[in-house]
Amino acid sequence: MAHATHDAKPASQPTRVERAFKDAFIAALVMLGLSVPILALRTEQNMSNEVILIPRPWLVVICCLIVFVGRLLLGLFVFNRAPGAKPLVETPTAVKTAWAKFAPYAAQVGLGAIIAYPLVALYLGGPQGAIKWIDNFGIQILIYIMLGWGLNIVVGLAGLLDLGYVAFYAVGAYSYALIATKVIPATYPDLGVWAFWICLPISGILAAMWGVILGFPVLRLRGDYLAIVTLAFGEIIRLVLINWVDFSGGYAGLSSIPRPSFFGIPFNASETGFAARFGLEFSPIYRTVFLYYVILVLALVTAFVTIRLRRLPVGRAWEALREDEIACRSLGINTVSTKLTAFSTGALFGGFAGAFFAARQGFISPESFVFLESAQILAIVVLGGMGSLFGVVVASIALVGGIEILRELDFLKAIFGASFDPTQYRMLIFGLAMVLMMLWKPRGLISHREPTVFLKERKSISSSLVQEGHG
Amino acid sequence: MSTPLLKVDHLTMRFGGLTAVGDLSFEAQAGQITALIGPNGAGKTTVFNCITGFYKPTEGMITLTQPDGKKLLLERLPGHDINWKGRVARTFQNIRLFGGMTLLENLLVAQHNVLMNASGLSILGIFGAPSYKRAEKEAIELAEYWLEKTGLIARADDAAADLPYGDQRRLEIARAMCTKPLLLCLDEPAAGLNPRESLLLNDLLISICRDHNTSILLIEHDMSVVMQISDHVVVLDYGRKIADGPPEAVKNDPKVIAAYLGVEDDEVEKTEAEIAAIAAQAKGDAR
């Protein structure tokens, strides 16, 4: 080896670009070698049950090209970087300073964008095209942001691992659906148009009450045990909803749930409907836009209450509980009631979100409240960084919006064949994203903690010092 | 003699077959520093855990007499009420701070119950009621006072886990003092401190005792601390009390010397020489 380098003149040494190309070429060759036996031929049975081979040369070419380009980019920008070059991945301090410049405006900019979003969608997509973007993206993401913020109180602040959060979402949704379809028509049918606004607080309170009922026996458990019991609670609620057919309609669910009214004015094509009252042409878009702003306001209330509570003794006690429960007890903090407040406050917002969900869908069934929902909400909280409101927003947009975006990727069918459906890979992508996150930022996107009070200067606290809680 | 602040009567704590503390009775007077010493595993921390409600004693009575003469049986109070109603605060042998929270936040968490009442169980607080703001300002002032007193004010806005070891110990004391306790239980406050820090700690503890109407119950292995500052020493060995009295008396008690204190090196040599002489004499006699 030493001999070879000695012989080679400096001028004839391959440059980085040459090396990268050579490297990429070798990688593409390896890919070719691998893909010929694996990808090039597809076996299928014909009508007479004989195996026939369908050659797929283009797939091989595309795969090799992807590997070539990918390896080339890696070779040029990642491997063998010249000494003294700008680091590829900025150091945490650099990130922090960039973040510090942006942070004061992040909330305003984000809020402005979220408020303007439906109007922009309407302008760009027209009343018909915008519905999908406002409903599937906007409202869906905002529901998860709200759920994430609600669960953030339990998991992020109090450090109690709750795997059954969807139970409170279900309690809220069924509370609204049952009261609005059964109780109100039977007692005060005149209040029908106000059903949503009457039931919203009731649903939240019922969910919070279930939070207390569940929390009371369960919160003396810690860590894994708490996680398992909350998981079981989520399943129990779902199974009761499935099996108690007289009460909840079982698998069939509840339908024709009243939609929210514009403070008493229904969104329909009638004389007294929203469009007629305001002299507009009837269109379902008005309700969608209204729903968007309703969930936005609900989510902002959640955020406001969370921010306020964090600065109050109860919020500090939640965080102290996450840091060290024994020390809390020695300082006279009633750990059981403190945990219960965290649990029920989280459940309250889950209940609000559930009521909104039922009102938006007009139909609910136990299918909507499976464990996967709990897992997704928890993933949003963990991915966002436990305790960070802004992180939850980013994570919701990435996870919920990202999965919705998969439905839009029709052009991939041109590459992978007409039967290719990107949405079927959403769990795979979801898992991959989680693995990458855990490698890259194990404590979530925004992992540092902002102190709730300060004497001279507010200093962010590095995530390595903050405890995650033991349940 | 006035009624003792803390009276421990026939305290027994068994874990299965192991009797960690057996029939222990002692008193801690108001306005004094009482030290609890003994070899490792003697049951000192178990006594602390019984007094501060982390264990429920198997037998015995722990009576705390409030300044107004009201008596509280600590073993019957729920864990968190011992601090809030009984006004007994403690620190831990392995420091238990809220590491991810700032020093100031740590001291505000200690004033949780006062602030919680002021915030109207959070409802007034959410709407930013002036009465809560006033209470919070007072709480911050108290926290500032203790940060000054423990020399940590410069780092008030840093995370507690960022502090060096000695500062963490002092912060834990400051945090306990923010609950305005009648009795402060310190579990090895001088462990891991260098001699200078240890001297500062002595001054701090004496000042707490003299100026803040707080009596101190102290577990400590560092005899220089114990002998200098304590008014009263209780010695435990295998869960039983072997001596009880003023430091000078305890220091010279043969049982305490045998079980715990031991003797100086030159005394050991002297004794060994004596034994050797006796042995030689015996050998000579035999010949």
Side-chain angles (χ1 to χ4, degrees), chain A residues 156-157 159 220 301 304-338 341-342 344-345 386-387 443 447-469, chain B residues 52-54 78-92 95-106 108-119 121-122 125-128 132 136 139-140 143-144 147 153-154 156-162 172 175-176 178-179 185:
Chain A
L157 294 183
R220 54 196 77 231
V301 167
F304 173 78
V305 171
T306 310
I307 291 169
R308 271 293 166 96
L309 283 180
R310 252 197 90 206
R311 292 177 190 164
L312 287 178
V314 67
R316 275 190 216 115
W318 289 340
E319 291 200 79
L321 207 62
R322 179 191 66 202
E323 297 282 327
D324 195 321
E325 190 177 338
I326 289 175
C328 276
R329 202 141 64 96
S330 83
L331 296 171
I333 295 174
N334 185 339
T335 51
V336 174
S337 63
T338 305
T341 54
S344 54
T345 313
M386 297 214 291
R443 297 295 294 267
S447 48
H448 59 262
R449 178 180 173 275
E450 290 296 327
T452 58
V453 62
F454 59 97
L455 276 187
K456 292 186 189 69
E457 182 192 354
R458 190 184 291 279
K459 298 176 187 168
S460 292
I461 295 170
S462 147
S463 62
S464 56
L465 302 175
V466 180
Q467 298 291 313
E468 288 159 8
Chain B
T52 51
F54 284 89
H80 56 271
D81 273 349
I82 289 182
N83 180 279
W84 174 231
K85 295 208 178 106
R87 293 175 63 198
V88 176
R90 73 170 291 179
T91 65
F92 295 87
I95 305 171
R96 286 186 175 275
L97 289 170
F98 307 123
M101 303 173 86
T102 65
L103 272 59
L104 183 62
E105 284 179 303
N106 267 272
L108 288 186
V109 170
Q111 302 174 58
H112 173 79
N113 287 313
V114 178
L115 287 174
M116 196 71 183
N117 289 343
S119 74
L121 301 175
S122 308
I126 282 198
F127 300 106
Y132 171 69
E136 193 181 38
I140 291 175
E144 271 185 279
L147 286 173
I153 191 79
D157 297 325
D158 286 328
D162 255 350
E172 218 190 5
R175 190 179 66 179
C178 276
T179 66
C185 302

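Excluded from the calculations below are hydrogen atoms, water molecules and symmetry mates; all remaining heavy atoms, backbone and side chain alike, are included. Owing to the predicted nature of the structure, the values given are computational and were not obtained by experimental measurement. Quick note on labels: first sequence line is chain A, next is B, and so on, each numbered from 1.
With a threshold of 4.5 angstrom between heavy atoms, B:Leu108 approaches chain A through side-chain atoms but not through N, CA, C or O. Proximity to chain A (any heavy atom under 4.5 Å) is shown, for B:Leu103, by neither the backbone nor the side chain. Using a 4.5 Å cut-off between heavy atoms, B:Asn113 contacts chain A through its side chain alone, with no backbone atom that close. Within the 4.5 angstrom heavy-atom criterion, only side-chain atoms of B:Glu136, from C-beta onward, approach chain A. Heavy atoms of B:Arg175 lying under 4.5 Å from chain A belong to its backbone as well as its side chain.
Of all non-hydrogen atoms in A:Ala327 and B:Arg96, the two that sit nearest each other are CB-O, 3.5 Å. Nearest heavy-atom pair, A:Ser330 versus B:Arg90, reported as atom, atom and distance to 0.1 Å: CB-CG, 3.9 Å.
Of the possible polar contacts, one joining the A:Arg449 side chain to the B:Gly100 backbone as a donor-acceptor pair under 3.5 Å is found. Checked by atom type and distance alone, the side chain of B:Glu105 pairs as donor or acceptor with a backbone atom of A:Thr452 at under 3.5 Å.
You'll find the side chain of B:Trp84 stays beyond 4.5 Å of the side chain of A:Asn334, heavy atoms only. Two residues are said to be in side-chain contact when any heavy atoms from C-beta on lie closer than 4.5 Å; A:Glu323 and B:Val109 fail this criterion. Taking the side chain as every heavy atom from C-beta outward, B:Phe54 and A:Ile326 approach each other to under 4.5 Å. Two residues are said to be in side-chain contact when any heavy atoms from C-beta on lie closer than 4.5 Å; A:Leu331 and B:Phe98 meet this criterion.
Rounding to the nearest 0.5 Å places CD of B:Gln111 at 11.0 Å from CD1 of A:Ile333.
Residue with the most contacts toward chain A among B:Thr52, B:Thr102, B:Val114: B:Thr102 (heavy-atom pairs, distance under 4.5 Å). Chosen from A:Ala317, A:Pro451, A:Gly315, the residue pairing most often with chain B at heavy-atom distances under 4.5 Å is A:Pro451.
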